[in-house]
Amino acid sequence: MNKVFIAGSNIISSLGFTTTENFNNVLEGNSGLQYHSEDDIHPISYINRTFFKEHCLNHKVETKVSLFEKLCILSIKDAVSQTIIDLKEEDCLLIIATTKGNVGFLEKENKRTQDIHLWESANKIGKYFGVANRPVLISNACVSSILAQVTAVRLLKAKKYKHVIVCGADLISEFVLSGFNSFKAVSNNPCKPFDLNRDGLSLGEGAGTLVLTTDSTQAIFNGASCVAGASSNDANHISGPSRTGDGLANAITSTLNQAQMKPEFISAHGTATIYNDEMESKAINLAQLNDVPVNSLKGFFGHTLGAAGIIETIITLCAMNESKALETKGFVDYGVPEQINLVTRTENLNFNSFLKIASGFGGCNAAILYSKY
């Protein structure tokens, strides 16, 4: 069966406009979370919003699109520019992953109600690049961009395409922030994943793009490949994660059974909410991965919703490439019921494979495994 390699990548966040800028900032311990009191969002919140007002709007896109669509276009442009892949070819597919897309248009009366539809955004982005195939849109809460990677890998291994570009993006809006505030999930301080005193998440916004290919000559990250992935649904609650962790554990074990290997590192969802972090520790325990080093990157980027899975995948690919175990920023005291091997400070670590996991509203769970082997 074909191996699936990475040919290009990009991250746009408050920490930078490229993968390299973002990774270097994380390596130096710099967080994108800042205290905000903007009337157009919310009076009290730690979020990573400033980058888009200061930088993203200054980059020109030669067509009229929303900020969300522009963010996707700029991220895809940079990632594809690192390759010799042509989006216009029949053997290439574009997948867009998002939780909310242009939902901010609902906040004020306007004439752009048709732009709220996620497939409209995907079609506009595809039209901008002149893609040969109709773009695929995946929206499944906070596992969206991991599920998009899983979908891409399956299509590539089935030889449906030679290249698949996966872009995950989301923006902060009053709609999103008010929703999380309604069930008291947003902290008034920078988030503290897996910590005893964690009291909620920090929201973020951004975009990430991976160019996946079966062409080994275009492989970067020392030839790392995407081995396998899976998803599950525990149907526990419309917003609350499973109390047992069995749904996420099922996605993990399904992935590892396909790959026939144990990961040497885990990039957790680690939102710093009471129930998510508790559930993840149980899922890791159920999958018998307690000894594997694990971190959360939410202290650097905040929770970027549908973009989280792909942004954190790219950062962990960089970390594996540079033999670095990145810290769980914000963590101080251990505060989850099952023992996991949490990385509390950035240090040298040679690992050749990692598992990226996530869970989201509606009981969705997903996992994906990358390896140098």
(message) When you compare the side chains of N276 and E280, does any donor N or O come within less than 3.5 Å of an acceptor on the partner?
(response) yes

(request) Flag yes if L155 and I310 sit in one hydrophobic cluster, no otherwise; membership is Ile, Leu, Val, Met, Phe, Trp, Tyr, and two members link when side-chain heavy atoms are under 4.5 Å apart. (result) yes

(request) Would you mind telling me which of N295, I315, I368, L355 makes a side-chain contact (heavy atoms from CB on, under 4.5 Å) with S267? (result) N295

(request) For the pair D291 and K262, find out whether any cationic side-chain nitrogen is under 4.0 Å from an anionic carboxylate oxygen. (result) yes

(request) Assess whether side chain to side chain contact (heavy atoms under 4.5 Å, CB included) is satisfied between L203 and L305, documenting all intermediate values. (result) CA-CA 8 Å; L203 282 170; L305 306 181; 4.1 Å; yes

(request) Just do the side-chain hydrogen bond (donor to acceptor under 3.5 Å, both in side chains) check on K77 and Y128 with the steps written out, would you? (result) CA-CA 10 Å; K77 257 188 171 181; Y128 177 86; 2.9 Å; yes

(request) Give a yes or no on whether V176 and F183 share a hydrophobic cluster (residues Ile, Leu, Val, Met, Phe, Trp, Tyr; joining criterion: side-chain heavy atoms under 4.5 Å apart). (result) yes

(request) Supply the atom-to-atom distance L137 CG to T98 OG1, rounded to the nearest 0.5 angstrom. (result) 8.0 Å

(request) Examine L147 and V153 and state if one hydrophobic cluster contains both, with Ile, Leu, Val, Met, Phe, Trp and Tyr joined whenever side-chain heavy atoms are less than 4.5 Å apart. (result) yes

(message) Quick check: do M279 and S359 have side-chain heavy atoms less than 4.5 Å from each other?
(response) yes

(message) Is any side-chain heavy atom of I125 closer than 4.5 Å to one of P135?
(response) no

(message) Please tell me whether K324 and N348 have a donor and an acceptor in their side chains that are separated by less than 3.5 angstrom.
(response) yes

(request) Output, in order, the C-alpha distance, side-chain angles, deciding distance and verdict of side chain to side chain contact (heavy atoms under 4.5 Å, CB included) for M261 and S353. (result) CA-CA 9 Å; M261 69 168 69; S353 62; 4.2 Å; yes

(message) Keeping S145 on the side-chain end and G306 on the backbone end, is there a donor-acceptor pair under 3.5 Å?
(response) yes

(message) Atom CG of residue position L196 - does it have more than 12 heavy atoms of other residues, nucleotides or ligands inside 6.0 Å?
(response) yes

(request) Kindly indicate, with the supporting measurements, whether the criterion side-chain hydrogen bond (donor to acceptor under 3.5 Å, both in side chains) is fulfilled by T19 and S9. (result) CA-CA 7 Å; T19 293; S9 74; 3.0 Å; yes

(request) Spell out, yes or no, whether V227 and V166 are grouped together once hydrophobic residues are joined by side-chain heavy atoms under 4.5 Å, including indirect joins. (result) no

(request) For residues 332-344, pull every pair meeting side-chain hydrogen bond (donor to acceptor under 3.5 Å, both in side chains), keeping only residues two or more places apart or in separate chains. (result) none

(message) If we ignore hydrogens and angles and just use 3.5 Å, is the side chain of N236 paired with the main-chain N or O of P241 as donor and acceptor?
(response) yes

(request) Find out if a path of hydrophobic residues (ILVMFWY) with successive side-chain heavy-atom gaps under 4.5 Å connects L201 to V103. (result) yes

(message) Using every non-hydrogen atom in the two residues, find where P193 and K298 come nearest and quote the distance to one decimal.
(response) CG-CB, 4.4 Å

(request) Answer yes if the side chains of D170 and T304 hold a donor-acceptor pair under 3.5 Å, and no otherwise. (result) no

(message) Using every non-hydrogen atom in the two residues, find where N321 and F221 come nearest and quote the distance to one decimal.
(response) OD1-C, 3.3 Å

(message) Which heavy atom of A358 sits nearest to which heavy atom of I146, and what is that distance?
(response) CB-CD1, 3.5 Å

(message) Does atom CZ (F175) have a neighbourhood of more than 12 heavy atoms from anything else shown, all under 6.0 Å?
(response) no

(request) Could you tell me the separation between the CD1 atom of I116 and the OG atom of S121, rounded to the nearest 0.5 Å? (result) 10.0 Å

(request) May I ask you to decide whether K162 forms a salt bridge with D215, counting only side-chain N to carboxylate O separations under 4.0 Å? (result) no

(request) Give a yes or no on whether the backbone of A7 and the side-chain of T83 come within a donor-acceptor separation of less than 3.5 Å. (result) no

(request) Decide yes or no on side chain to side chain contact (heavy atoms under 4.5 Å, CB included) for F129 and I73, but give the supporting numbers first. (result) CA-CA 8 Å; F129 289 104; I73 289 168; 4.0 Å; yes

(request) Kindly indicate whether the side chain of S31, heavy atoms from C-beta on, has any atom under 4.5 Å from the side chain of P190. (result) no

(message) Under the criterion side-chain hydrogen bond (donor to acceptor under 3.5 Å, both in side chains), I'd like the reasoning laid out for N10 against T209: C-alpha separation, chi angles, the key distance, then a yes or no.
(response) CA-CA 5 Å; N10 168 270; T209 300; 5.0 Å; no

(request) Look only at the side chain of E69 and the backbone of S66, and say whether a donor-acceptor pair between them is shorter than 3.5 Å. (result) yes

(message) Are F301 and S202 packed together at the side-chain level, in the sense that at least one heavy-atom pair is separated by less than 4.5 angstrom?
(response) no

(message) Main chain of A268, side chain of K356: is a donor-acceptor contact present, judged purely on distance under 3.5 Å?
(response) yes

(message) With rounding to the nearest 0.5 angstrom, report the CG to OG1 distance, N285 to T244.
(response) 11.5 Å

(message) Over 60° means perpendicular and under 30° means parallel, so tell me whether H303 and F180 are parallel, tilted or perpendicular.
(response) tilted

(request) May I ask you to decide if A141's main-chain N or O and S144's side chain share a donor-acceptor pair within less than 3.5 Å? (result) yes

(message) Rounded at 0.5 Å granularity, tell me how far CG in L15 sits from CG in N24.
(response) 10.5 Å

(request) Carefully, step by step, assess N133 and L94 under the rule side chain to side chain contact (heavy atoms under 4.5 Å, CB included). (result) CA-CA 8 Å; N133 299 293; L94 175 63; over 6 Å; no

(request) Tell me, with the steps shown, if T271 and T273 meet side-chain hydrogen bond (donor to acceptor under 3.5 Å, both in side chains). (result) CA-CA 6 Å; T271 61; T273 57; 2.9 Å; yes

(request) Return the minimal non-hydrogen interatomic distance between G104 and S173, and the atom names on each side. (result) CA-CB, 4.1 Å

(message) A quick test of your reading: do over 12 heavy atoms of other residues, nucleotides or ligands sit less than 6.0 Å from CD of Q288?
(response) no

(message) What's the separation between atom CD1 in I266 and atom CD1 in I252, rounded to the nearest 0.5 Å?
(response) 6.5 Å

(message) Do the side chains of K124 and E120 get close enough for a salt bridge, i.e. N-O under 4.0 angstrom?
(response) no

(request) Drop me the distance from N2's CG to S225's OG, to the nearest 0.5 angstrom. (result) 11.5 Å

(message) Counting C-beta onward and ignoring hydrogens, is there a side-chain heavy-atom pair between F300 and N25 closer than 4.5 Å?
(response) no

(request) Could you tell me whether the side chain of R154 and the main chain of T151 form a donor-acceptor pair under 3.5 Å? (result) no

(request) Indicate yes or no for a side-chain donor-acceptor contact from K282 to the backbone of R243 under 3.5 Å, with no hydrogens or angles considered. (result) yes

(request) Using a cut-off of 6.0 Å, state whether more than 12 heavy atoms not belonging to K100 lie near its atom NZ. (result) no

(message) Any non-hydrogen side-chain atom of S242 less than 4.5 Å from a side-chain atom of D246?
(response) yes

(message) Side chains of Q218 and I85, heavy atoms from C-beta outward: is any pair under 4.5 Å?
(response) yes

(request) Under the ring-ring contact (aromatic ring centres under 6.0 Å, His included) rule, collect the residues that match up with Y370, sequence neighbours excluded. (result) F354

(request) Please confirm whether the backbone N or O of V336 pairs with a side-chain atom of D277, one donor and one acceptor, at under 3.5 Å? (result) no

(message) If you define the side chain from C-beta out and look only at heavy atoms, does anything of N365 sit under 4.5 Å from V143?
(response) no

(request) For the pair K3 (side chain) and T214 (backbone), establish whether a donor and an acceptor sit closer than 3.5 Å, ignoring hydrogens and angles. (result) no

